[in-house]
Protein chains: 2
Amino acid sequence: MTSLASGESVFTIVLSHGPLTRAQIAGRTGLSAAAVTKAVRPLMAAGYLVEGPGEGSRALGRPATLVRVDAGAAFFVGVKVTGDEIIAVLTDLCCRVRAAARLPLTGRAPERVLPVLTELVRELLTEADGFGVAVRGLGIAVSGDVDVDSAEGMVRYSPFLEWREVPLAGIAGTATGLPVTVENDVRALTVAEQWFGAGVGLDSFALVTVGAGIGCGLVVHGRVVSGAHGVAGELGHVSIDPDGPPCYCGNRGCVEAVAADPAIVRAVREVTGRPVTTPAEALELARAGDRGARQVYAAAGQAIGRAIGSVVNLLGPERVVISGEGLAAYDLFADGIRDAFAAAAFGTAAQCDVVTRPLPFEEWARGAAATAIQSFIGSATSATPVTSKEQSGVHQ
Amino acid sequence: MTSLASGESVFTIVLSHGPLTRAQIAGRTGLSAAAVTKAVRPLMAAGYLVEGPGEGSRALGRPATLVRVDAGAAFFVGVKVTGDEIIAVLTDLCCRVRAAARLPLTGRAPERVLPVLTELVRELLTEADGFGVAVRGLGIAVSGDVDVDSAEGMVRYSPFLEWREVPLAGIAGTATGLPVTVENDVRALTVAEQWFGAGVGLDSFALVTVGAGIGCGLVVHGRVVSGAHGVAGELGHVSIDPDGPPCYCGNRGCVEAVAADPAIVRAVREVTGRPVTTPAEALELARAGDRGARQVYAAAGQAIGRAIGSVVNLLGPERVVISGEGLAAYDLFADGIRDAFAAAAFGTAAQCDVVTRPLPFEEWARGAAATAIQSFIGSATSATPVTSKEQSGVHQ
DNA sequence: TTTCTTTCATTGACGATGGAAAAGAATCCC
DNA sequence: GGGATTCTTTTCCATCGTCAATGAAAGAAA
């Protein structure tokens, strides 16, 4: 019972803020130096943390030793399920991608998806064997409404996959023999950004994803917002224009009905009269200088900027991160986003830092791995640690 | 040093959930029965909590004794500063209003406001003397950007009062001899609702105020959202229509430019051609059946409903409370709000409970008192309690 | 070289906190 | 009166984290 509640916070700090001296850990966590020493010890004994190499570059006094996460102490698999393929990554304990794989889907029904998912996980488990490191958790990210609290990791409703009440964690756990964490995809990506990306150390930020849909992950008071009914961050269905185009949700002028890939493709087709059917074609046309197409992108940028303005006015986050596949067209969006945001942001909320970050699908899968790491840390720091030699099979 | 960190949570639970048995307190707080006994004892010794009267209506077993807050153990003054008057209330420890007073302002400069504020506080202190109870804190609610963290309770910028960098808590504390808490007015009202109103027990809710302006207080993860730069809940400047009327903030189609009192008055004047200058006149005209005026209200209701839809889609709160002076016209808003919200809410977010609550300005002042009680509890439960006889002067 | 200074890290004593389990208390039912 | 039942309190006891003293490892100064 060398358990320490402070263990989790110490580990998390070291994980996201790279190697730190114990004194720095004390400063960041607000714990005393003594408490840090006591919290670090069992984590090092368990093999999750290691000392050095390198030293805190002090001129005077006893040199500090750096504490870092032993990236190779445990591996994790993260999986992102999209409409037509599954992307999986193998990460180390620092959530760095060590291997990646993807497979196309032949259907969206759970019976079609799960064999592919299992196959990918098996592939990455073999990779992990090559490294000689045990995989200690599997994170799965799916779009839609996920009940994180339920033990079976229930996917309550995923419109994109047309799933209802699928106990995904239970099924995947049985199939793979791994402890499974299931999360909404945008929230998983948000967790990854909060721990390892542009949201590190921030008490509040928003992650806006632009692509096939428009999503938004929100962190408030240092925690990801889940919504009382499982729905939150539905930026795509925030309406910004009562006279805008109709959205499949039944409303008009949703951001998604203006700025998501399908909306852009349709608008470009209508405006230019050309048989454009994919985002790539639409983008090509705009890049080639087609006025109509460029205007469609500009309008989409405006819509995104206005939507971000709404988020910022409501929540006043420290930062907004814009990402998603749609970022490929960011040069075409940029002016619209900037202008509309500047017009919409009220008062000091305009000081909010707006940045872009390209996050490919592998990054979403990495987000899923991050949620797996998160729950692994929770169990590892609250249970009696065991050495890495002792443990080999399924964790917990 | 009979200090207990659990004291604060126990006290808060008893405060907002009325009289409870110790067993119920244990259930609500998640503490063990033993811990509750230990936490309650010093609070009762200090006079903040009392037992009975009444019993938990059990049929079998030892009857439970109810624990309640001794409302008369301490009084508080809450003040709401508006553009042309100050409203003040005297409340007991349960935040029930025992006396109220208001005075008009002769100017908005701090030099004009503070004497009036001091005069009102003095008046209510005399009232409190009549009850024989000491006033233990003063809460002041002002619109605008308030730095809660600063020791002097700095009002950084209040556009409405045209204040900049006014160390209000420091000044008011010196003038009144009371410990002072300064908060943004909407956030203060939100705290009051969270503790004593429609937000009791909820982890997340939104409070929308409609009146001279459109405001919004947000509670996420059980805490009021303050915004990284002091700005949050600016629902009034969420734009819902790019072609809407211009707003003084420089943007178009802000909710406030459509649905706040000045906007409604102007619109009614323009539509009907009548010399309407006050919200009351506009309301009268609409109530009299004037088509144009009614349409203005309907459009305002639509705007509010759309804005609430945005909040709900982004945060997925458990409940939305609509309030403010503008509620007087709620019958005219209602259809618009309901329809627009129903159209805007996405998926299960539509399950969000939307309620209305009339909250007059006294209620805002009560919110200010609630923030004072909040900080009083914080200091009272973390410091050595003293009996109410011993203490008489300024607290802490 | 020796000693001082500085800073980091560890240890041990101690207090605060809260839980488990047993005991006590108060009521109803038989 | 003797259970049965439920609420409350007491009595330990484990955990957690701070304080203050100590140790450790360097550079600086004598």
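These numbers were taken from a predicted model, which means no experiment stands behind them. All chains are named by letter (A, B, ...) in the order of the sequence lines, taking the proteins before the strands, and each is independently numbered beginning at 1.
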Practice task
Round to a whole Å and report the spacing from CZ of A/R62 to P of D/dT22.
Solution key: 17 Å

Practice task
Look at the side-chain N and O atoms of B/S6 and state whether any lies under 4.0 Å from the OP1 or OP2 oxygen of C/dG18.
Solution key: yes

Handout entry: Any A/Q194 side-chain heavy atom under 4.5 Å of A/V224 side chain
Key = yes

Practice task
Can you figure out which of D/dC7, D/dT18, D/dT9 approaches the side chain of A/A35 most closely?
Solution key: D/dT18

Handout entry: Side-chain touch B/T37/B/R22, heavy atoms, less than 4.5 angstrom
Key = yes

Practice task
Take the protein atom CD of B/Q24 and the nucleotide atom P of D/dT8, then report the distance between them rounded to whole Å.
Solution key: 9 Å

Handout entry: Of the listed nucleotides C/dA9, D/dT8, D/dT18, the one nearest the side chain of B/A23
Key = D/dT8

Problem - 4.5 Å side-chain heavy-atom contact, B/H17 and B/V200 - result: yes

List the atom pairs, donor and acceptor, that lie under 3.5 Å between side-chain atoms in residues 90-97 of chain B and the rest of the protein, sequence neighbours left out.
residue: B/D92; atom: OD1; partner: B/C94; partner atom: N; Å: 2.8
residue: B/D92; atom: OD1; partner: B/C95; partner atom: N; Å: 3.1
residue: B/D92; atom: OD1; partner: B/R96; partner atom: N; Å: 2.9
residue: B/D92; atom: OD2; partner: B/R96; partner atom: NE; Å: 3.3
residue: B/D92; atom: OD2; partner: B/R96; partner atom: NH2; Å: 3.4
residue: B/D92; atom: OD2; partner: B/R98; partner atom: NE; Å: 2.9
residue: B/D92; atom: OD2; partner: B/R98; partner atom: NH2; Å: 3.2

Problem - Under 3.5 Å donor-acceptor, B/H229 side chain and A/G316 backbone - result: no

Practice task
Say whether, by atom type as modelled, one donor and one acceptor occur between the side chain of A/E193 and the main chain of A/T190 under 3.5 angstrom.
Solution key: no

Exercise for the section: May I ask you to test the B/V225-B/V219 pair for a side-chain heavy-atom distance under 4.5 Å? Expected result: no

Fill in the blank from the handout: Rounded to whole Å, CE of B/M44 lies from P of D/dT9 at a distance of 8 Å

Between the protein and nucleotides 10-13 of chain D, are there any N/O to N/O pairs under 3.5 Å, and if so, what are the atom names and distances?
residue: D/dT10; atom: OP2; partner: B/R41; partner atom: NH1; Å: 3.4
residue: D/dT10; atom: OP2; partner: B/R41; partner atom: NH2; Å: 3.0

Handout entry: Between the first and last five pairs of the helix from C/dT1-D/dA30 to C/dC30-D/dG1, the angle of the axes, rounded to 10 degrees
Key = 20°

Handout entry: Atom pair distance, as rounded to whole Å: CG in B/L60 and P in D/dT5
Key = 7 Å

Exercise for the section: Return no unless some side-chain N or O of B/R22 is found under 4.0 Å from OP1 or OP2 of D/dT9. Expected result: yes

Problem - Non-hydrogen side-chain atoms of A/Q374 and A/T181 separated by less than 4.5 Å - result: no

Handout entry: Distance in angstrom units between B/I25 CD1 and D/dT6 P, rounded
Key = 20 Å

Handout entry: Side-chain heavy atoms of B/I140 within contact of B/E183, under 4.5 Å
Key = no

